[in-house]
Structures are given as structure tokens and as C-alpha cells.
Visitor: 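One structure, as C-alpha cells, below. Some questions next.
Just so we're clear, the structure is a prediction, and the values are computed from it rather than from any experiment.
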Protein chains: 2
Amino acid sequence: MSPADLSAGLDYVRLHVALERLFRLLRRDTQPSGLSLTAASTLRNLELNGPRRLTDLATDESVTQPAMTQLVSRLERDGLAERTTDPTDGRVVLVRVTPAGIALMQRRRAIRAQHLAGLLSTLNEEDERLIAAALPALERLGGVTGGIA
Amino acid sequence: MSPADLSAGLDYVRLHVALERLFRLLRRDTQPSGLSLTAASTLRNLELNGPRRLTDLATDESVTQPAMTQLVSRLERDGLAERTTDPTDGRVVLVRVTPAGIALMQRRRAIRAQHLAGLLSTLNEEDERLIAAALPALERLGGVTGGIA
DNA sequence: TATTGTTATACTCTATAACTATA
DNA sequence: TATAGTTATAGAGTATAACAATA
């Protein structure tokens, strides 16, 4: 009934709805770690790329500079990140993740992977195989404008 | 390097990270419609199921009753939903979506599907085919505990 | 007394506008 | 003057606790 079936038979509305439902499921698990999506993404950014300017973080995460200022202040208050200075430019604030921040991210990933495993255990082998096969494609899909990259 | 490769060769951490990145990408597009994920999900719920009690909506969407009270107030203020009464029980508030709410959801789905199509156009045919093949499995994955259940 | 919903209060997260400090 | 960051203010969205109305 829809003209959305295109080149590869992919219905975008269906994919969008399916992804959104998964998002909501995963988001519900956000509570345990207490990290918002942006907070988690920022910590991951710092894990991967090392100390980073506040302005760059704001750009990477698609939030405004004031929003990032506040997020970093909360992370700092909670001991998950630290502000340092740039010796070569007095205006710059460099942000880095702390060991506690890294530990929290590790726990978070483990917990959410476990939850995802629980969800997947309700699927049959074939479905799981299909998702595994599509995973690299999904990674590329998210990576394109994913920011950070 | 990880013991996460299990039955079907599916790495849960990788899947979780990939979904989370996609999540952030789609969320960035939330602005155009101005609807939060919960607001959109609630309107969709009302579209599918018809008028619904405020308490049931709170349960469906996994938020507290006061949070749903406020969300419905915002939706009502914006003309997207309406409160009505239940003739058989004076305590009950029934919420229903308005034509404007339905129209907004239709626009939102079209816009986001279009954006998804744009993202997918950067992938090659094979990747798109793999995602199309996995879509029903992803739908089942999201549907399993989608909710409510 | 139990259920349904609202109000009060507080915190996160976001934005825009105005400001400070450094270059 | 331009750049980096903060502060001020406002609003969405969430939670818990206390309350009001109806059953």
C-alpha cells in the first residue's frame, strides 16, 4: 500500500517505527547508570579521543556551548570528568574523563548489553542471525553523520 | 577480544552502541516536530488504541502519573490531545488525540522516514538489503517487551 | 479505605541572550 | 574584534510526596 518500497525493498516508516520502539526500550534502562544519552555519548567521546575542548564537545554532541558547560559541570560534580587548562591558550578548557567515569561506562555497557541479550533471547535463531548480519550495516548507518567520527 | 560472541555471533555491546548512535541521530531530528519521544509515543498510542485513561497512558509509556498529567496538559495546550470525562466514573480522565495531533504525527513520520532514507542512501545496496532483511527481526525485538507487556 | 488524578517541589537537560576573559 | 567559556533565565520532561475528589 505504500510507495516507500524502494531499491532494496526497505520501508523507511517501518524502520523508523521499529528503531524508535527499540530506543524507548533501551532508554528505559538508562536509569541504572544515571547517565543521560548525551552524558554517556560525551564520556565515550572522551574515552575514545582523550582530553577535548568544551567547544569541540558541544559540536560533537550537537548541543550548545552553554549546555555542554552545564553537562561538564554535572559530570565534574559527580567525579566522572575533570576540567583542565590548556597551557598554550588561557581561554581554553580541556575536559577529560576520570577513572571513575571510565568504570561507570564499563558497567553501563555491560548492564545494557546484558539487557539486550535478554531481549534477544526471546527471538529465534534465525532472527538473531539476521540481526547479526545487519549489524555492520547498522553501524555504518549510524556512523555516517554520527558526529564524533 | 570479547566473550560476547554467542550463539549467532552477535556482539551485544556492539549492537547496543550501534543502536544508541542511531538513536541520537534520529533524536536530533525530533526538533522539527517539536515532539519528545514520549509525546510521540503517547500520541501513537492514542491513534492506535483510541481514547485512553491517563493512568493507563502513564503505565503504557513507563512514566509516573504526575508526569503523564503534565504531558497531557502540554498536548492539550498545543491542541494535539483532549481530556474528556468518563460518564461511568467521575474520577477518570479519558484522553484522546485530536485531528491536529493525527496530522502532526503523519507529518513527523514522513519527515523522519525521509531523513532515514537520506541516511540509507549513503549505504551500498548490500547494506540496505541486509537491513531490510533484518527489519522484521528488529520489529519483533522491539515488540517483545515493547511495552507494555 | 482504595483509586484517579492534580498540585507542589526539585532536578536534569536543553535553548537563547548577555556577560567575562583571553587572544 | 573574535574566540572560549560562563552566567542568567526559561521551558520541557522527569521524579517523589502531599493533596483532593470520587468510588
Side-chain angles (χ1 to χ4, degrees), chain A residues 23-24 26-43 45 51-96 104 108 147, chain B residues 20 23-24 26-43 45 51-96 104 108:
Chain A
F23 295 162
R24 280 184 58 78
L26 282 181
R27 196 170 63 147
R28 242 171 256 177
D29 300 334
T30 294
Q31 319 314 337
S33 83
L35 289 178
S36 73
L37 263 170
T38 307
S41 180
T42 300
L43 287 181
N45 185 344
R52 202 138 172 76
R53 290 178 173 215
L54 201 139
T55 300
D56 292 338
L57 285 178
T59 303
D60 294 345
E61 306 301 332
S62 295
V63 298
T64 60
Q65 212 171 52
M68 187 51 70
T69 288
Q70 290 189 40
L71 173 55
V72 168
S73 296
R74 286 191 298 271
L75 292 174
E76 201 167 31
R77 179 204 58 194
D78 296 340
L80 304 173
E82 291 173 336
R83 280 179 169 89
T84 54
T85 55
D86 182 339
T88 72
D89 188 336
R91 297 169 302 178
V92 167
V93 165
L94 289 176
V95 184
R96 72 171 169 227
L104 181 62
R108 180 178 186 275
Chain B
E20 195 159 65
F23 188 177
R24 281 184 55 79
L26 281 182
R27 199 172 62 148
R28 241 170 258 176
D29 300 335
T30 294
Q31 319 315 336
S33 83
L35 289 179
S36 72
L37 264 172
T38 307
S41 180
T42 300
L43 287 181
N45 186 343
R52 203 137 172 76
R53 291 178 173 215
L54 201 139
T55 301
D56 292 339
L57 285 178
T59 303
D60 293 346
E61 306 302 331
S62 295
V63 298
T64 60
Q65 215 171 51
M68 188 50 70
T69 288
Q70 291 188 42
L71 172 56
V72 168
S73 296
R74 287 191 297 271
L75 292 174
E76 201 167 30
R77 179 204 57 194
D78 296 340
L80 305 173
E82 291 173 336
R83 280 178 169 87
T84 54
T85 55
D86 181 341
T88 72
D89 187 338
R91 297 169 302 179
V92 167
V93 165
L94 288 175
V95 183
R96 72 171 170 228
L104 181 62
R108 179 178 186 274

Visitor: Taking 4.0 Å as the cut-off, does a side-chain nitrogen or oxygen of A:T69 come that near to OP1 or OP2 on D:dG5?
Guide: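 Checking A:T69 against D:dG5: no side-chain N or O falls below 4.0 Å of OP1 or OP2.
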Visitor: State, to 0.1 Å, how close B:R96 and B:P51 come at their nearest heavy-atom pair, and which atoms those are.
Guide: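 The answer is CB-CG, 3.9 Å.
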Visitor: Calculate the interatomic distance between B:R91 atom CZ and D:dA21 atom C1'; express it in whole Å.
Guide: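 Those two atoms, CZ and C1', are 9 Å apart.
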Visitor: Would you mind reading off the distance between B:D89 atom CG and D:dA23 atom P, rounded to a whole angstrom?
Guide: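 Taking CG of B:D89 and P of D:dA23, I get 5 Å after rounding.
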Visitor: Rounded to whole angstroms, how far apart are CZ on A:R53 and P on C:dT22?
Guide: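 So the two atoms are 15 Å apart, to the nearest Å.
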Visitor: Send over the distance from A:E76 CD to D:dG5 C1', rounded to a whole Å.
Guide: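 Taking CD of A:E76 and C1' of D:dG5, I get 13 Å after rounding.
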Visitor: Starting at the 5' end of DNA chain C and moving along, which residue's nearest nucleotide shows up first, A:D78 or A:P87?
Guide: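 Looking at DNA chain C, the more 5' nearest nucleotide goes with A:D78.
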Visitor: Please produce a list of atom pairs where a protein N or O lies less than 3.5 Å from an N or O of nucleotides 12-15 of chain D.
Guide:
unit_1, atom_1, unit_2, atom_2, d
D:dA12, OP1, B:R77, NH1, 3.0
D:dA12, OP1, B:R77, NH2, 3.2
D:dG13, OP1, B:S36, OG, 3.0
D:dG13, OP2, B:R74, NE, 2.7
D:dG13, OP2, B:R74, NH2, 3.3
D:dT14, OP1, B:T38, OG1, 2.7
D:dT14, O4, B:Q70, OE1, 3.4
D:dT14, O4, B:Q70, NE2, 3.4
D:dA15, OP2, B:T64, N, 3.0
D:dA15, OP2, B:T64, OG1, 3.1
D:dA15, N6, B:Q70, NE2, 3.3

Visitor: Measure the distance from CG on B:L54 to C1' on C:dT3 and round it to the nearest whole Å.
Guide: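 To the nearest whole Å, that distance equals 13 Å.
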Visitor: Taking all heavy atoms of B:T85 and all of B:L94, pick out the closest pair and write down the distance.
Guide: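 Closest pair (atom of B:T85, atom of B:L94, distance): O-CD1, 4.1 Å.
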Visitor: Does a nitrogen or oxygen in the side chain of B:R52 sit under 4.0 Å from OP1 or OP2 of C:dT4?
Guide: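 Looking at the OP1 and OP2 atoms of C:dT4, neither is under 4.0 Å from any side-chain N or O of B:R52.
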Visitor: Do the side chains of B:R83 and B:T69 get nearer than 4.5 Å, heavy atoms only?
Guide: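 Sidechains of B:R83 and B:T69: in contact.
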Visitor: Run through A:T42, A:N45, A:T55 and flag the one making a side chain to side chain contact (heavy atoms under 4.5 Å, CB included) with A:D60.
Guide: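 One option only clears the test, and that one is A:N45.
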Visitor: Could you state the atom-to-atom distance from CE of A:M68 to C1' of D:dT7 in whole Å?
Guide: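 Computing the A:M68:CE to D:dT7:C1' distance gives 17 Å.
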Visitor: CG/B:L35 to CG/B:L43 distance, rounded to the nearest 0.5 angstrom?
Guide: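 Here the interatomic distance stands at 6.0 Å.
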Visitor: Answer yes or no: is there an ion pair linking A:E61 with A:R52, defined by an N-O contact shorter than 4.0 Å?
Guide: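 Answer for the salt bridge query: no.
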